[in-house]
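Read through the structure below, which is laid out as structure tokens, and then see the notes.
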Amino acid sequence: MLKDKVVIIIGGSGLIGKAFIKSAMQNHATVINADINQPNTKLDCEFIHTDITNKSSLDNLIELTSQKYGKIDAVVNSAYPRTKSFSNHFFDVEYEDFCTNTNLQLGGAFLVMQRFAKFFKSQGYGNIITLSSIQGVVAPKFQTYKNTQMSSPVAYSAIKSGVIHLSRYLAKYLKGDNIRVNCISPGGILDNQNEIFLSQYKDVCLNKGMLDPDDICGALIFLLSDYSQFINGQNIIVDDGFCL
């Protein structure tokens with residue numbers, strides 16, 4: 001489905017990003033992993049060190065990729081930068097930490113969109129896909145965290161809802177430029193969470209509950225493919241019914 005497409009996956013060394021890279025490559029795309037960290041497992045694609053909070057770093061990524069391959073068809077932003085205190089409960093969050101995390105994630109998403117939109121305008125076409133979350137769509141279901149030490153970070157809801165609306169803003173702003181801008185909002189992703197949480201989370205879903213990273217890849221491949229050429233400014237939710 002993606003033959004001859006050049007796709008940059010930002011955050012490709014992360015949990016979801018690695019799945020995105022493998023799926024895009026299985027669908028015959030040429031993939032570049034742009035991340036601040038090297039992957040901890042072997043990925044058979046080019047790696048370019050990239051910091052989404054640094055304009056020069058993103059411009060370097062665009063220049064290196066476009067010069068080598070002659071084009072960039074799409075960028076996927078799955079980067080997830082955060083501080084160690086990101087997951088603190090609401091009353092334990094310091095103002096400075098809230099601002100720092102918002103700057104890292106939402107500010108980074110803005111910068112990715114801005115730099116790639118500028119390049120895609122000069123190229124004459126492009127495709128920008130950003131990862132949001134169900135927590136950007138609906139309020140957290142706090143009952144899923146009962147009897148655990150877990151909670152949903154307040155900055156996460158602010159950031160991910162912001163990403164969705166930023167994508168809609170940019171899609172409308174780029175009217176007539178042949179550039180698509182869309183979001184994917186996954187449900188919770190399995191990552192060694194405790195069994196109490198997993199059971200309670202499943203209770204608010206319809207079948208599986210928490211998802212594997214591979215479960216999100218179908219939406220990605222669709223948005224990368226020509227089958228979605230008139231899907232623009234949308235947020236595709238993949239959550240096993242969590243948001244119902």
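From a predicted model like this one, the values you see are computed outputs, not experimental measurements. Positions are given from 1 along the sequence.
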Atom NZ of Lys208 with >12 non-hydrogen neighbours under 6.0 angstrom: yes
Lys22 atom NZ: more than 12 heavy-atom contacts under 6.0 Å: no
Common cluster, Val181/Ile62, ILVMFWY with side-chain heavy-atom separation under 4.5 Å: yes
Donor-acceptor under 3.5 Å (Arg82 side chain, Ser87 main chain): no
ILVMFWY cluster, Met210 and Phe142 together (side-chain gap under 4.5 Å): yes
Side-chain touch Ser185/Lys160, heavy atoms, less than 4.5 angstrom: no
Inter-residue atom distance Ile21.CD1 - Leu43.CG, 0.5 Å rounding: 5.0 Å
Closest non-hydrogen atom pair, Gly17 against Ile9: O-CG2, 4.2 Å
Check: Glu195 main-chain N/O paired with Ser199 side-chain donor or acceptor under 3.5 Å: no
Whether Asn88 side chain and Val93 backbone form a donor-acceptor pair below 3.5 Å: no
Salt bridge present between Lys202 and Asp240 (N-O < 4.0 angstrom): no
Backbone N/O of Ile48 and side chain of Thr50: donor-acceptor pair under 3.5 Å: yes
Check against side-chain contact (heavy atoms from CB on, under 4.5 Å), Arg180 and Phe230: CA-CA 8 Å; Arg180 296 193 292 124; Phe230 298 113; over 6 Å; no
Worked check of side-chain contact (heavy atoms from CB on, under 4.5 Å) between Asn33 and Ile10: CA-CA 6 Å; Asn33 176 15; Ile10 297 176; over 6 Å; no
Main-chain N/O of Leu131 paired with Ser78 side-chain donor or acceptor, under 3.5 Å: no
Student check: side-chain heavy atoms of Phe110 and Leu166 closer than 4.5 Å: yes
Over all atoms of both residues, closest heavy-atom pair of Ser157 and Ser161: O-OG, 2.8 Å
Shortest non-hydrogen contact from Thr41 toward Lys18: OG1-CD, 3.5 Å
Pair Asp97, Thr83: side-chain N/O donor-acceptor within cut-off below 3.5 Å: no
Asn103 side chain vs Gly107 backbone, donor-acceptor pair below 3.5 Å: no
Non-hydrogen side-chain atoms of Phe116 and Ile72 separated by less than 4.5 Å: yes
Rounded distance (nearest 0.5 Å) linking atom CG of Leu220 with atom CG of Asp214: 11.5 Å
Test side-chain contact (heavy atoms from CB on, under 4.5 Å) applied to Met113 and Thr130, step by step: CA-CA 9 Å; Met113 290 180 184; Thr130 302; 3.3 Å; yes
Basic-acidic side-chain contact under 4.0 Å: Lys5, Asp226: yes
Any Ile216 side-chain heavy atom under 4.5 Å of Pro213 side chain: no
Single-linkage hydrophobic cluster Ile129~Ile32, side-chain heavy atoms < 4.5 angstrom: no
Heavy-atom pair with the smallest gap, counting every atom of Leu61 and Ala34: CD2-CB, 3.6 Å
Atom OH of Tyr173: over 12 foreign heavy atoms under 6.0 Å: no
Hydrophobic cluster membership, Val204 vs Leu211, 4.5 Å side-chain cutoff: no
Linked, directly or transitively: Leu2 and Ile8 (ILVMFWY side chains, under 4.5 Å): no
Gln234 vs Ser228 side-chain heavy atoms within contact, under 4.5 Å: no
Rounded distance [0.5 Å steps], CZ in Arg115 versus NZ in Lys118: 4.5 Å
Atom pair CD1 (Ile128) and CZ (Phe119), whose distance is rounded to the nearest 0.5 Å: 11.0 Å
Non-hydrogen side-chain atoms of Thr30 and Val7 separated by less than 4.5 Å: no
Donor-acceptor contact present, side-chain Ser57 to main-chain Asn54, <3.5 Å: no
Close side-chain approach of Asn182 to Ile236, heavy-atom, < 4.5 Å: no
Check: Asn27 side chain, Ser23 main-chain N or O, donor-acceptor pair, under 3.5 Å: yes
Considering all heavy atoms, the nearest Cys243-Ile134 contact: SG-CG2, 3.7 Å
Atom pair OH (Tyr69) and CG (Asp4), whose distance is rounded to the nearest 0.5 Å: 13.5 Å
Side chain Gln229, main chain Ser225, donor-acceptor under 3.5 Å: no
Side-chain H-bond candidate by donor/acceptor type, Gln143 with Tyr201, under 3.5 Å: no
Stepwise ring pair (Phe, Tyr, Trp, His ring centres under 6.0 Å) test for Tyr227 and Phe222: CA-CA 7 Å; Tyr227 288 108; Phe222 171 66; 7.7 Å; no
Approximate separation, where rounding is to 0.5 Å, of Ser13 OG and Asn40 CG: 8.0 Å
Residue pair Tyr145 / Ser152: nearest heavy atoms and the distance that separates them: OH-CB, 3.4 Å
Polar side-chain atom of His49 near backbone of Gln38 as donor-acceptor pair, under 3.5 Å: no
Carboxylate-amine/guanidinium contact Asp44 Lys42, below 4.0 Å: yes
side-chain contact (heavy atoms from CB on, under 4.5 Å) evaluation trace for Asp59 with Glu63: CA-CA 6 Å; Asp59 287 346; Glu63 182 177 3; over 6 Å; no
Close side-chain approach of Phe86 and Tyr80, heavy atoms under 4.5 Å: yes
